[in-house]
Amino acid sequence: QVQLVESGGGLVQAGGSLRLSCAASGSTFSIKTMGWFRQVPGNQREFLARILNDGSTYYADSVKGRFTISRDNAKNTVYLQMTSLKPEDTAVYYCRATTTRINWGQGTQVTVSS
């Protein structure tokens, strides 16, 4: 299937910006859509953004206007550009690719300090 590796997480001050990357490998030809989710321990995993093969993008209301999803087809990589970060954005961020099944990355920690 597809293997996903997230990177770019770290510590940032409130109001700052951060860009996450997700590199896909394996059966990348079978990917239908890719997206970003986040999860705080004890909570459900939350949808943030997704991008389709035609380039269409969709966002959760909580991040619309602050986060931007994009892709580089040649590198099989998707990005999440995050701006105006808030302490409540602190979570583990996961990349997801949909083929005939759901494929998840290992996650990358984002911590926003006040």
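In this structure, Arg45 is positioned above the aromatic face of Tyr94, its NZ or CZ under 6.0 Å from the six-membered ring centre and within 45° of the axis.
In this structure, the separation between CZ on Arg96 and CG on Leu48 is 11.0 Å, given to the nearest 0.5 Å. Separating the SG atom in Cys22 from the NZ atom in Lys75 is a distance of 14.0 Å, to the nearest 0.5 Å. Separation of atoms OG (Ser62) and CG (Asp89) is listed at 8.0 Å; rounding is to 0.5 Å. With rounding to the nearest 0.5 Å, the separation of OG1 in Thr57 from CZ in Arg71 is 10.5 Å.
The main-chain N or O of Ser27 is never found under 3.5 Å from a side-chain atom of Gln1 such that the two would form a donor-acceptor pair. Between the side chain of Ser21 and the backbone N or O of Tyr79, no donor-acceptor pair lies under 3.5 Å. Under a 3.5 Å cut-off, the side chain of Gln13 and the backbone N or O of Ser113 do not form any donor-acceptor pair. A donor-acceptor pair is defined here as one N or O able to donate and one able to accept, closer than 3.5 Å; no such pair exists between the side chain of Thr28 and the backbone of Ser25. With Thr108 contributing its side chain and Tyr93 its backbone, the two residues share no donor-acceptor pair below 3.5 Å. A side-chain donor-acceptor contact under 3.5 Å links Thr33 to the backbone of Ile51. With hydrogens and angles disregarded, no donor-acceptor distance shorter than 3.5 Å links the side chain of Tyr58 to the backbone of Leu52.
Between Lys32 and Thr100, the closest side-chain pair of non-hydrogen atoms falls below 4.5 Å. At a threshold of 4.5 Å between non-hydrogen side-chain atoms, the residues Leu80 and Met82 count as touching. Under the 4.5 Å side-chain criterion, counting only non-hydrogen atoms from C-beta, Glu6 is in contact with Gln106. In this structure the side chain of Leu20 reaches within 4.5 angstrom of the side chain of Val110, judged on heavy atoms.
Residues Tyr59 and Met34 are members of one and the same hydrophobic cluster, defined by side-chain heavy-atom contacts under 4.5 angstrom among Ile, Leu, Val, Met, Phe, Trp and Tyr. Val63 is connected to Val12 through a chain of hydrophobic side-chain contacts under 4.5 Å among Ile, Leu, Val, Met, Phe, Trp and Tyr, so both are in one cluster. Note on Val92: it clusters hydrophobically with Trp104, by side-chain heavy-atom contacts below 4.5 Å among ILVMFWY residues.
The number of heavy atoms from other shown groups lying within 6.0 Å of CD (Gln44) does not exceed 12.
A pairwise comparison of heavy atoms in Thr99 and Ser30 identifies CG2-OG, 3.2 Å as the closest pair. Shown here for Ala14 and Ser114, the closest heavy-atom pair between the two residues is CB-CA, 4.3 Å. Nearest heavy atom pair, residue Val2 against residue Ala97, reads CG1-CB, 4.4 Å. Val78 and Cys95 get closest at one heavy-atom pair: CG2-SG, 4.0 Å. The shortest heavy-atom contact between Val40 and Ala91 is CG2-CB, 3.9 Å. Of all heavy-atom pairs spanning Thr83 and Ser17, the tightest one is CG2-OG, 3.5 Å.
Between Arg101 and Asn103, the side chains place no donor N or O within less than 3.5 Å of an acceptor N or O (distance only, hydrogens not considered).
Relative orientation of the Phe47 and Phe37 rings is perpendicular, given thresholds of 30° and 60° on the angle between their planes.
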side-chain contact (heavy atoms from CB on, under 4.5 Å) assessment of Thr90 paired with Gln109: CA-CA 8 Å; Thr90 296; Gln109 176 71 47; 4.0 Å; yes

Salt bridge (Lys or Arg N to Asp or Glu O under 4.0 Å) evaluation trace for Lys64 with Asp61: CA-CA 5 Å; Lys64 191 175 298 182; Asp61 289 340; 3.5 Å; yes

